[in-house]
> 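Quick one: the structure is below, questions incoming.
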There are 4 protein chains.
Amino acid sequence: MRERLPMRTRSKRTMATPLLDPFADLAEKLRALPGVGLRQARRMAEYLGRMPQEEVEALVRSLRALSESLARCPCCHRMFVPSQNQSGETQYCQLCGDNTRDDTTLMVVAKDIDLLTIERSGTYKGRYFVLGRLLTFSGATERGLLPLAALSERVAALPPGGEVIIALGVTADAEVTARAVSEEITPKLPPGVRLTMLGRGLSTGTEIEYADPNTLSYALRFRQPLVSPTTEEIQPAAGSEE
Amino acid sequence: MRERLPMRTRSKRTMATPLLDPFADLAEKLRALPGVGLRQARRMAEYLGRMPQEEVEALVRSLRALSESLARCPCCHRMFVPSQNQSGETQYCQLCGDNTRDDTTLMVVAKDIDLLTIERSGTYKGRYFVLGRLLTFSGATERGLLPLAALSERVAALPPGGEVIIALGVTADAEVTARAVSEEITPKLPPGVRLTMLGRGLSTGTEIEYADPNTLSYALRFRQPLVSPTTEEIQPAAGSEE
Amino acid sequence: MRERLPMRTRSKRTMATPLLDPFADLAEKLRALPGVGLRQARRMAEYLGRMPQEEVEALVRSLRALSESLARCPCCHRMFVPSQNQSGETQYCQLCGDNTRDDTTLMVVAKDIDLLTIERSGTYKGRYFVLGRLLTFSGATERGLLPLAALSERVAALPPGGEVIIALGVTADAEVTARAVSEEITPKLPPGVRLTMLGRGLSTGTEIEYADPNTLSYALRFRQPLVSPTTEEIQPAAGSEE
Amino acid sequence: MRERLPMRTRSKRTMATPLLDPFADLAEKLRALPGVGLRQARRMAEYLGRMPQEEVEALVRSLRALSESLARCPCCHRMFVPSQNQSGETQYCQLCGDNTRDDTTLMVVAKDIDLLTIERSGTYKGRYFVLGRLLTFSGATERGLLPLAALSERVAALPPGGEVIIALGVTADAEVTARAVSEEITPKLPPGVRLTMLGRGLSTGTEIEYADPNTLSYALRFRQPLVSPTTEEIQPAAGSEE
Ligand SMILES: [Zn+2]
Ligand SMILES: [Zn+2]
Ligand SMILES: [Zn+2]
Ligand SMILES: [Zn+2]
């Protein structure tokens with residue numbers, strides 16, 4: 001209760017000092033997380049700071065559990081949870097362990113979520129390599145952070161007639177990264193192995209009026225035989241998920 | 001001044017009647033314009049209704065002038081302003097009159113603005129045909145509103161080795177329209193003339209994580225030789241124009 | 001048809017000239033309408049320019065009909081549709097003609113739509129004066145465009161105990177306009193007539209965390225006796241209309 | 001490398017099983033954080049799961065440090081960092097320890113960030129009480145989670161002429177909480193102590209045309225003497241912080 005404060009304590013502070021925000025430090029750390037802005041970081045910090053200590057410990061355990069249980073697949077660099085009961089033997093992820101997949105194509109993606117998105121689309125049956133990150137447009141010197149040696153090894157093992165597909169998206173960061181990858185692996189491509197990228201063109205929802213020149217240029221250069229969709233296939237544009 | 005109202009007028013209205021909005025009718029008409037919602041139509045109506053009558057007349061003159069000066073190009077169905085000094089001779093638009101363009105390719109677009117967008121991208125040197133509109137997903141019976149006979153005539157005149165490129169975008173309306181166009185012109189295609197569409201794939205700004213399955217499927221099917229952009233070509237994503 | 005172009009016409013244009021956009025002029029005029037941006041204006045112009053001439057005439061008639069049928073109420077400056085059958089007698093709008101309303105309060109609003117919004121809220125039973133527009137923050141010299149003489153006459157006729165309520169919103173334009181109005185009418189206020197403005201404070205949807213200092217300052221200065229809402233009155237925040 | 005997988009492992013998986021997402025669990029936990037949606041939670045989880053274990057430990061230390069160093073001020077329930085060198089004596093936060101503040105007014109806020117926002121506005125010099133959270137509109141039975149007993153003690157100690165100001169915002173959650181607080185503390189108010197709330201009305205940026213009926217009703221009921229701002233005070237509406 002304010003009224004019970006001993007006089008001594010009160011008299012110590014007669015000058016106004018700027019109000020400290022104890023959550024400021026954690027907020028700053030949380031801003032490093034993807035998509036977290038200034039205000040959200042502050043709100044998350046306050047939420048975490050006010051959580052009962054046992055809930056904080058539960059979150060810590062969950063975070064550590066993930067961090068400790070996850071292993072990087074030595075083959076595709078995906079993160080996965082190895083099974084426990086194996087005697088020191090090297091383990092591979094579910095996809096690399098699936099011998100029904102096509103060993104002649106290798107798709108290079110940036111993140112695990114990209115791999116999952118492509119898997120869910122059901123259109124690809126080959127192998128993957130996950131870079132773990134994109135370079136940034138403004139920091140192209142981070143190239144050393146990419147697992148290019150491991151990727152080169154995968155590339156070098158591809159059979160003739162094989163293909164490396166760069167699937168990094170169409171952003172400035174993606175293109176900087178694609179160039180770095182391309183420069184690295186082009187000399188390692190075995191004879192008869194092609195280097196391609198996902199086709200560029202008009203994506204779902206594009207209206208010609210708003211299309212950028214670059215996309216139009218690709219769409220024109222790589223035009224396709226007209227596939228007339230059946231009535232059932234045409235869907236009104238769906239709203240975004242969130 | 002309220003106080004000077006004759007008593008007679010006042011006594012007429014002793015019951016509350018719902019307040020009439022004199023702008024409601026014009027607002028409803030303005031909603032037919034593309035991209036105009038309920039609130040904007042009401043604001044535009046109030047603005048127009050409050051405009052001095054001479055400004056209204058100026059706008060009417062400008063609208064009529066456009067409407068009267070514009071002619072539909074008999075060749076490509078674009079709207080253009082014919083020159084005045086010709087003696088009854090059929091006139092063609094600037095593009096159709098440009099004999100440096102490639103007569104073997106015919107691109108079918110929905111609107112004049114689409115044609116302008118493609119011209120500004122500098123990637124196409126063939127001929128055009130402007131449908132004037134898209135069919136709507138929910139009203140596919142409007143097919144009679146499309147100038148399909150005129151388009152068929154253009155198609156039939158293409159030389160062997162020619163190509164018709166459908167460039168209507170990737171929306172439900174665009175696909176319904178593409179199907180209608182395709183059904184109509186496929187029987188009219190001279191031997192050796194192809195029917196294609198603008199290539200589909202990843203457009204500028206796409207992140208794999210957020211790409212829809214349909215776009216991924218096209219991007220994978222029509223993958224392209226990797227063109228490693230030079231540093232100068234890579235640009236951070238630009239904001240939209242407005 | 002492209003093929004029928006006389007050789008003469010073709011040979012005239014061997015140099016590429018930039019493509020003219022015949023809709024550019026009307027598009028520029030349409031940008032003057034409230035809320036219309038560059039792209040929307042272009043789309044509206046193309047829509048209007050492609051409309052059959054008889055539809056253009058219908059729109060012109062509708063616009064002229066509004067413009068001609070509307071009259072400014074000499075009392076409140078609202079736009080309204082006078083009845084036809086009166087012999088030259090001055091007519092007033094529905095609100096000014098309603099003798100059940102409170103003659104002692106005069107609310108000054110910017111636009112007819114503001115008046116309608118307040119009427120629909122059912123909270124005000126006095127009289128109105130519609131300025132027709134706001135001054136702009138950057139063009140405060142437009143003061144002559146406001147009907148300040150007519151407003152002053154209304155103000156001067158208010159009875160003792162009366163009140164003028166400024167209801168122009170809380171934007172930079174609204175505040176510039178409120179100052180101009182205030183400077184003009186303060187000297188005209190009869191004795192015992194107050195000049196007020198709509199209360200400022202937290203509006204529906206405000207979270208303290210995101211409130212600006214100015215709003216907080218007003219909300220604190222003009223704090224109100226707590227009215228504890230009943231369960232029925234509390235509503236989850238509704239989405240916006242459009 | 002895919003090719004080195006022992007045959008045994010490969011032959012185990014001949015049937016397609018749905019791909020597991022090892023980040024799904026952590027993603028679900030992260031969704032509990034304020035403002036974190038499905039997709040952002042997934043991205044944060046992947047980021048955290050891929051972080052080197054030493055960085056994970058650094059984050060854990062920082063989170064624990066905050067959680068352990070923070071104490072709830074026994075007076076205002078704010079979270080603060082007590083100084084280390086005191087011998088078991090009860091410590092109060094910077095605000096409660098500031099004896100220049102007005103002891104007669106007590107403002108009730110939901111979160112620490114609300115308190116900071118009000119302090120930064122520089123408009124309030126009294127005392128605070130932080131509830132720590134709002135009730136939710138759909139779960140009004142959580143009332144037991146609010147520190148209402150501690151608040152009642154603060155209220156009961158207010159001197160005559162004092163005031164309790166409810167400052168919880170204007171949302172459905174805020175109003176449910178305000179009612180709970182009001183029902184609890186009204187019987188505890190000493191004689192001559194008022195219960196108020198932050199004033200409601202038009203907030204910065206409001207245009208009359210878009211104001212909701214409830215806000216208009218408050219703005220009209222609590223109208224204020226017109227304060228004509230000076231030119232310097234009027235600012236064009238600023239964009240939001242992020
Ligand atoms: Zn793997
Ligand atoms: Zn033409
Ligand atoms: Zn009137
Ligand atoms: Zn405290």
Side-chain angles (χ1 to χ4, degrees), chain A residues 1-3 5 9-14 16-17 19-23 26 29 33-35 37-40 42-44 46-51 53 56 59-60 62-64 66-67 70 75 79-81 92 94-100 103 111-113 116 119 127 132 153-154 157 241-242, chain D residues 1-3 5 9-14 16-17 19-23 26 29 33-35 37-40 42-44 46-51 53 56 59-60 62-64 66-67 70 75 79-81 92 94-100 103 111-113 116 119 127 132 153-154 157 241-242:
Chain A
M1 203 76 16
R2 174 66 202 75
E3 284 67 24
L5 284 177
T9 305
R10 287 192 167 203
S11 54
K12 267 194 233 160
R13 308 222 186 185
T14 46
T17 51
L19 200 57
L20 292 175
D21 180 5
F23 302 100
L26 183 59
K29 283 201 181 57
L33 295 176
L38 196 61
R39 284 184 161 172
Q40 195 187 6
R42 177 60 182 68
R43 294 177 74 188
M44 285 168 52
E46 180 164 340
Y47 182 92
L48 291 166
R50 278 189 167 271
M51 259 180 16
Q53 226 147 7
V56 170
L59 183 67
V60 163
S62 150
L63 180 59
R64 276 186 173 155
L66 178 74
S67 190
L70 278 182
C75 178
M79 304 307 284
F80 77 116
V81 183
Y92 298 88
Q94 189 185 0
L95 276 170
C96 291
D98 176 359
N99 63 2
T100 68
D103 285 326
K111 293 175 299 173
D112 289 29
I113 186 90
L116 281 176
E119 279 299 295
R127 302 290 179 183
E153 235 184 301
R154 290 291 300 277
E241 179 191 349
E242 282 182 53
Chain D
M1 204 80 12
R2 174 64 202 76
E3 286 66 25
L5 282 178
T9 304
R10 287 193 166 204
S11 55
K12 266 195 232 161
R13 309 222 185 187
T14 47
T17 50
L19 200 58
L20 292 176
D21 180 4
F23 302 100
L26 183 60
K29 284 201 182 55
L33 294 176
L38 195 62
R39 284 185 160 171
Q40 194 186 7
R42 177 61 182 68
R43 295 177 73 187
M44 286 169 51
E46 179 163 342
Y47 183 92
L48 290 166
R50 279 189 166 272
M51 257 177 23
Q53 225 148 6
V56 170
L59 184 67
V60 163
S62 150
L63 180 59
R64 277 186 174 154
L66 178 72
S67 190
L70 279 182
C75 178
M79 305 305 286
F80 77 115
V81 182
Y92 297 89
Q94 189 185 0
L95 275 171
C96 291
D98 175 359
N99 63 3
T100 68
D103 285 327
K111 294 176 296 175
D112 289 27
I113 186 87
L116 282 175
E119 279 300 294
R127 302 291 180 180
E153 236 185 301
R154 290 288 303 276
E241 181 192 346
E242 283 182 54

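Here is how names work: the chains are called A, B, and so on, in the same order as the sequence lines, proteins then strands, and each is numbered from 1.
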> Using a 4.5 Å cut-off on heavy atoms from C-beta on, say whether the side chain of D/Asp112 contacts that of A/Asp21.
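No, every pair of side-chain atoms sits at 4.5 Å or beyond.
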
> Which pair of heavy atoms, one from D/Ser67 and one from A/Met51, lies closest together, and at what distance?
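Where D/Ser67 meets A/Met51 most closely, the heavy atoms are OG-O, 4.4 Å.
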
> Output the distance between atom CG (A/Leu63) and atom CG (D/Leu63), rounded to the nearest 0.5 Å.
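A/Leu63 CG to D/Leu63 CG: 8.5 Å, rounded to 0.5 Å.
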
> Can you name the residues that form a side-chain hydrogen bond (donor to acceptor under 3.5 Å, both in side chains) with A/Glu119, not counting sequence neighbours?
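Partners of A/Glu119 by the side-chain hydrogen bond (donor to acceptor under 3.5 Å, both in side chains) criterion, ordered by chain and then number, come out as A/Arg101, A/Tyr128.
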
> List for me each residue that meets side chain to side chain contact (heavy atoms under 4.5 Å, CB included) alongside D/Leu66, sequence neighbours excluded, and say none if there are none.
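By the side chain to side chain contact (heavy atoms under 4.5 Å, CB included) rule, D/Leu66 matches A/Phe23, A/Leu26, D/Leu70.
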
> Which atoms of D/Arg42 are under 4.5 Å from chain A, going by heavy atoms: the side chain, the backbone, both sets, or neither?
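Side chain only.
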
> Name the member of A/Arg43, A/Glu46, A/Met79 that forms the most heavy-atom pairs with chain D at distances under 4.5 Å.
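Top option by heavy-atom pairs under 4.5 Å: A/Glu46.
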
> Checking D/Tyr47 against chain A: side chain, backbone, both or neither under 4.5 Å from a heavy atom?
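Contact with chain A involves the side chain of D/Tyr47 alone.
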
> Select, from A/Met44, A/Lys29, A/Arg64, the one with the greatest count of heavy-atom pairs under 4.5 Å involving chain D.
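Of the options given, most contacts go to A/Arg64.
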
